[in-house]
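As structure tokens, the structure follows; a few thoughts come after it.
Hydrogens, waters and symmetry mates play no part in the numbers below; they use all other heavy atoms, side chains included. Numbers restart at 1 for each chain; the letters A, B, ... are given by sequence-line order, proteins then strands.
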Number of protein chains: 2
Amino acid sequence: MDKETDGILQNRPAARDVDATDRKILGVLVDDATVSYAELGDRVGLSPPAAHERVKRLRRSGTIRNTAAIIDPKAVRKPLLAFVHIDTKGWGKTPELMAISEHPEVEEIHSVAGDTCMLIKVRTEDTRALEGLLSRLYETPGVTSTRSYVVLSTYLERPVQPGITTEWPAPRHMAKPLY
Amino acid sequence: MDKETDGILQNRPAARDVDATDRKILGVLVDDATVSYAELGDRVGLSPPAAHERVKRLRRSGTIRNTAAIIDPKAVRKPLLAFVHIDTKGWGKTPELMAISEHPEVEEIHSVAGDTCMLIKVRTEDTRALEGLLSRLYETPGVTSTRSYVVLSTYLERPVQPGITTEWPAPRHMAKPLY
DNA sequence: ATAATCGCCGTATTAAATTCTGTATCAATA
DNA sequence: TATTGATACAGAATTTAATACGGCGATTAT
């Protein structure tokens with residue numbers, strides 16, 4: 001199918017009403033938006049360019065909001081993401097923190113304001129691997145467990161542009177389910 | 001984007017796990033599945049054919065369940081559909097039924113088994129037009145209202161192939177929301 | 001009646017999808 | 001360690017589809 005470069009908020013491209021042919025087109029595209037305009041035209045009784053025109057209009061008018069891939073959540077389930085509080089003897093680049101950061105599962109280490117402990121973000125394949133990692137972490141001299149952590153099972157991570165978290169309304173991809 | 005003719009239930013095309021690049025691809029396609037493979041490749045750091053291969057695999061493995069148009073329900077709301085019981089003096093092609101069938105809003109007329117009245121299916125733009133039609137119908141000599149009807153507001157009608165209603169499990173388009 | 005508009009078709013052109021071939025990389029194996 | 005096989009990729013070539021364009025018939029407005 002085509003890629004429409006002109007935005008949705010164009011200067012009002014004649015918002016005709018959705019007729020029977022349009023509904024047939026929508027019925028096809030809801031099922032499978034990867035059909036060619038030739039096949040689409042065949043199914044609804046139009047020539048390829050005519051079908052193309054219809055779809056373009058349906059997109060511009062917002063009747064077709066989007067054309068999106070529908071993802072199987074099970075297939076894209078990501079490994080576990082855990083935020084773990086740990087106690088160390090100090091802050092900064094102490095030997096304990098150096099040792100912790102050696103583990104590839106540890107992605108971030110934060111000094112938490114108003115608290116005497118560190119917060120680390122770790123990512124593992126499953127709970128078993130998470131437990132193994134934590135026990136290994138707690139074996140590090142000077143590191144003690146606070147038994148305070150959050151474990152999340154993420155689906156699909158999406159990059160967030162710097163700054164947009166302060167925008168309002170929220171950017172579209174923040175409002176959509178993360179799969 | 002492409003149209004995959006080979007079915008999903010192929011003989012197990014190596015269900016590799018979804019890696020970081022796949023997730024990037026999914027992130028793009030969830031937002032907008034109309035991007036070309038060239039642009040998709042650009043965004044995830046692959047050549048167009050490589051991106052194509054990845055997407056093909058994601059489709060075959062079922063990770064990408066479908067690529068569908070997302071429709072604005074408000075834009076495709078259909079006129080009212082009403083099923084109305086009416087009393088007539090008889091069955092068959094009586095003058096009353098002929099008069100009723102003259103109205104273009106009347107799409108079907110049924111003789112109902114085990115009942116002495118008729119069931120007609122009518123379609124109007126809105127409730128106002130529906131009321132007007134009904135009052136006109138009831139003005140027909142020999143036709144009296146039973147004050148029994150059902151009014152539905154449909155979104156998008158989809159043709160149903162003859163016979164499939166007896167199939168099990170139900171065909172996919174029966175299970176999907178009708179917009 | 002006449003002009004204007006709209007939606008469509010057929011054709012031509014452009015762009016993208018798809019195929020093909022060679023290559024680098026990694027893993028398993030002799 | 002060398003070798004084989006499989007995998008994923010890039011680049012070029014080919015096929016197919018998307019898109020632009022011109023003209024026609026029907027409908028609507030003037």
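At least one side-chain heavy atom of A:T34 sits less than 4.5 Å from a side-chain heavy atom of B:R59. Contact check for B:D22 versus B:T63: no side-chain heavy atoms found under the 4.5 Å cut-off.
Between atom CD1 of residue B:I71 and atom CZ of residue A:R65 there is a gap of 9.5 Å, rounded to the nearest 0.5 Å.
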Using atom names, set out every protein N or O paired with an N or O of nucleotides 19-21 of chain C below 3.5 Å, distance rounded to 0.1 Å.
none

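Considering A:I86, A:V122, A:L97 as possible partners of A:I109, the one that fulfils the side chain to side chain contact (heavy atoms under 4.5 Å, CB included) test is A:L97.
The A:L46 side chain lies nearest to C:dC8 when the options are D:dA18, C:dC8, D:dC9. Listed nucleotides D:dA17, D:dA8, C:dC9 differ in distance to B:R54; the shortest reach to its side chain belongs to D:dA8. In this structure, the nucleotide among D:dA18, D:dC9, C:dC9 sitting nearest to the side chain of A:S47 is C:dC9. You'll find that the side chain of A:Y37 is closest to D:dA18, out of C:dA17, D:dA18, D:dA10.
The separation between A:L40 atom CG and D:dA17 atom P is 13 Å, rounded to whole Å. One can place CD of B:E39 at 15 Å from P of C:dA15, the figure rounded to the nearest angstrom.
Under the side chain to side chain donor-acceptor pair (under 3.5 Å) criterion, B:S101 pairs with no residue, sequence neighbours left out. Residues forming a side-chain contact (heavy atoms from CB on, under 4.5 Å) with A:D42 (at least two apart in sequence, or on another chain): none.
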